[in-house]
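One structure is given here, and the rest of the page talks about it.
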Protein chains: 2
Amino acid sequence: MREDRRQLRRNETVREILDTALEVMAEEGVAGLSMAETARRMGMRPPSLYQYFPSKTAIYDALFERGMRETVGVLEPYRAELSRDPRGALLAGQQATVAWAMAHPVLAQLLYWRPVPGFEPTPRAFEPAVRQLELLRAALRAAVHAGQLSPAGADEDGVALYTSLTAGVISQQLANEPSAPVQEGRFTRLTPTAVDMFFHFYAPEESESDDSDLRGRRTPAAD
Amino acid sequence: MREDRRQLRRNETVREILDTALEVMAEEGVAGLSMAETARRMGMRPPSLYQYFPSKTAIYDALFERGMRETVGVLEPYRAELSRDPRGALLAGQQATVAWAMAHPVLAQLLYWRPVPGFEPTPRAFEPAVRQLELLRAALRAAVHAGQLSPAGADEDGVALYTSLTAGVISQQLANEPSAPVQEGRFTRLTPTAVDMFFHFYAPEESESDDSDLRGRRTPAAD
DNA sequence: GTCTATAGCTGGATAGAC
DNA sequence: GTCTATCCAGCTATAGAC
């Protein structure tokens, strides 16, 4: 299974192609990626790219997978804290995710929106997304277990609502104020507030309080 | 200022061009709009389009403006209810907005995301967005006045958080499950829950409760 | 107002030499 | 593994006849 020199060099080139493609997308838009332009910037002729990627879609797919792996990787450092303080870990993870998205707006758009006409990620590229969702659900369950969250906060709706909060803050910031620093962005700076709002809504019932039945209910009757 | 027959016919053609462009975008992606294809579908030759729009960007801009006007228009029916029950009006408006976005995914993407490389809306096209934001702020202020919301819910952060909720639900649904009915979508069906969560977080202080200082605060110290 | 014709360009992708 | 050469297609946009 050893990677010999040839293979190493090849992987380096693959990485360089993806990096260059990201540069092109940053300037021309996510949907504006061009194989020819990518090749030119690398000092290559366009046909040579096809030795590494069989099509433009393949490049998008590789970038999608890279982005997904990176967002999952961003959460890794906070897994350890999950057993001590799940809520703290969730907030830290949320802030790290939002910060990553602002630092990598092109990848974030590829992941959170669907800006490229013909492109659908392959199952292989999508797999990290599944793991990320499982990780989030596990974290929310840990918060329930620690008495920081009502059980409804970790069920299907709770998870969906939490991901909507993430997507909402990131989408608004990217669409309206893409180059603001995370701490100052009109939307990204509200990340802790959003997490608070979530935990407040799904606050666990306190036995000594008598209006607790109003909180953390699964789906309030509000039609 | 009368619109004679010639002008009327022209405006009809303009509308037809925009409708056809939307069809093309629905099939080819928002960034996949083609002047030539639009013309062909109308039984025209491509150059004739330039009698109505000087460039592709002009079509995007007209569509952006149309979309903005429509989303504002969707809220119109609920203005009357603002004085009676602001919270009810906000919820109804939110549901109408989400339903509109799902019924017009192409326009919604153009408004909520930035999927088209070179395109930035002109101030003229953007103007309805400003009105929409003012309307939202007025609605939130009405809720404060009616004792349904703490003052912090209508300040700058509250407005930004509310729009993030809207954008989050719509983004997640469009990206992950675009063709689900609003009532059944994993994310869109949580619209009432999201609004509840917002109002719960910014609940007005109740004088007889003694833990009220924990709710509705502007920006909780949670770093 | 609509057309033909066309300029001018860029793109994705392949064949086959080196 | 990289190249030259090339195919073929598509596009935006303009000039100028009808």
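In the text below, chain A, chain B and the rest are named by the order of the sequence lines, each starting its count at 1.
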Side chains of A:E28 and A:S34 only: does a donor on one sit below 3.5 Å from an acceptor on the other? no

Quickly work out the A:M42 CE to D:dC3 C1' distance and round it to whole Å. 15 Å

Using a cut-off of 4.0 Å on non-hydrogen atoms, how would the nucleic acid contact of A:F53 be classed: base, sugar-phosphate, or nothing? nothing

Gap between atoms CE and P, on B:M44 and C:dC3 respectively (whole Å): 6 Å

What's the closest nucleotide to the side chain of A:R6 if the choices are C:dG11, D:dG1, C:dC3? D:dG1

Should B:S48 be listed as having a side-chain N or O under 4.0 Å from OP1 or OP2 of C:dG1? no

Close approaches to DNA chain D from residues 15-28 of chain A, in residue order (heavy atom, under 4.0 Å): none

Check this for me, if you would: do A:E134 and A:R137 make a salt bridge, where the nitrogen-to-carboxylate-oxygen distance has to be below 4.0 angstrom? no

Can you tell me how far C1' of D:dT4 sits from CZ of A:R45, to the nearest Å? 10 Å

Once the angle between the rings of B:F201 and A:H200 is folded into 0 to 90°, is it parallel (under 30°), tilted (30 to 60°) or perpendicular (over 60°)? perpendicular

Is B:R9 salt-bridged to B:D4, cutoff N-O under 4.0 Å? no

Protein within reach of the bases, or only the backbone? For nucleotides 12-18 of chain C, mark each nucleotide 5' to 3' as B, S or -, using heavy atoms under 4.0 Å. SBB----

Parallel under 30°, tilted from 30 to 60°, perpendicular over 60°: which one fits the rings of A:F64 and A:F119? perpendicular

Would you mind reporting whether B:Q172 and A:L165 have side-chain heavy atoms less than 4.5 Å apart? no

Quick one: do B:E12 and B:R15 make a salt bridge, cutoff under 4.0 Å? no

Give one of base, sugar-phosphate or nothing for A:R40, where a contact means two heavy atoms less than 4.0 Å apart. sugar-phosphate

Would you mind checking if A:D61 and A:R124 are paired as a salt bridge, meaning a charged N to carboxylate O distance below 4.0 Å? no

Test item: B:F187 and B:L174 side chains (from C-beta on) under 4.5 Å apart, heavy atoms: no

In whole angstrom, what separates B:L49's CG from C:dG1's C1'? 13 Å

